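These notes are about the structure you will find just below.
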Amino acid sequence: MEKAIFIELKLEPKLAEALLLHLRQELRSAIQQQWHATRYLSVPETSRCGAILQDAPHLAAQKKTLGALKAALDRPRREASLSRFCTFPWKKLQRNEVDSASVDGFAHDASILAIHRG
């Protein structure tokens, strides 16, 4: 395999989303143009997209760029979602305060953590 090229690009979210939409439409259109070409009619539909991408490296690169762009756009949303739904207001307790705390049916050692009910 040849040396990989790493490209770092800083875009405002609106520009990144616009580029994502454009690349997606362009890729879809390019694949549709080749979908019914004679050379791909004998390829099963489940493998046809892969065959087209294998024959057209510029489309494969476009698909990879699309994936990286989508992942970069989804990352802040995913992190915000995780921080909103997966953080709990835990506090340390002294061992003599509570023996154990029940959290969703699971017992936890209260010397380490317990639910802050406030």
Side-chain angles (χ1 to χ4, degrees):
M1 183 176 168
E2 296 177 33
K3 289 184 181 180
I5 295 175
F6 179 79
I7 299 171
E8 188 172 6
L9 182 63
K10 187 174 183 177
L11 293 172
E12 294 293 322
K14 285 185 179 184
L15 291 176
E17 288 174 8
L19 180 59
L20 178 68
L21 290 174
H22 175 73
L23 288 175
R24 188 177 286 152
Q25 290 169 349
E26 289 292 316
L27 183 62
R28 186 177 294 133
S29 175
I31 290 175
Q32 284 176 351
Q33 287 176 1
Q34 297 296 316
W35 192 262
H36 297 290
T38 306
R39 77 185 295 178
Y40 298 112
L41 289 178
S42 62
V43 178
E45 287 189 9
T46 55
S47 304
R48 199 173 295 178
C49 185
I52 293 168
L53 292 174
Q54 187 175 5
D55 291 345
H58 68 287
L59 295 179
Q62 188 170 350
K63 184 176 187 296
K64 198 168 202 86
T65 303
L66 247 167
L69 189 55
K70 181 161 179 15
L73 282 168
D74 287 347
R75 188 175 306 124
R77 292 179 194 139
R78 188 171 43 253
E79 288 171 358
S81 175
L82 287 174
S83 68
R84 185 173 59 240
F85 294 113
C86 296
T87 58
F88 302 98
W90 301 110
K91 70 173 185 174
K92 285 193 172 190
L93 296 178
Q94 298 298 321
R95 184 172 278 289
N96 61 0
E97 286 183 46
V98 180
D99 290 329
S100 66
S102 177
V103 180
D104 295 329
F106 296 98
H108 297 279
D109 184 356
S111 65
I112 299 171
L113 52 90
I115 297 176
H116 173 69
R117 300 181 196 275

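Index from 1, following the sequence. Bear in mind that the values here come from a model prediction, so they are computed numbers and not experimental data.
- Once rounded to the nearest 0.5 Å, the distance linking CZ of Arg24 with OG of Ser29 reads 14.5 Å.
- Under the side chain to side chain contact (heavy atoms under 4.5 Å, CB included) criterion, Ala37 pairs with Gln34, Tyr40, not counting sequence neighbours.
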Side-chain donor/acceptor pairs under 3.5 Å, residues 5-21, sequence neighbours excluded:
from	atom 1	to	atom 2	distance (Å)
Glu17	OE2	Arg77	NH2	2.9

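- Between His22 atom NE2 and Leu69 atom CG the span is 12.0 Å, to the nearest 0.5 Å.
- Remark: Lys64 engages no residue in a side chain to side chain donor-acceptor pair (under 3.5 Å) (not counting sequence neighbours).
- Between Trp35 and Arg48, the shortest heavy-atom contact is O-NH1, 3.1 Å.
- Taken from CG in Leu27 to CG in Leu66, the straight-line distance is 6.0 Å, to the nearest 0.5 Å.
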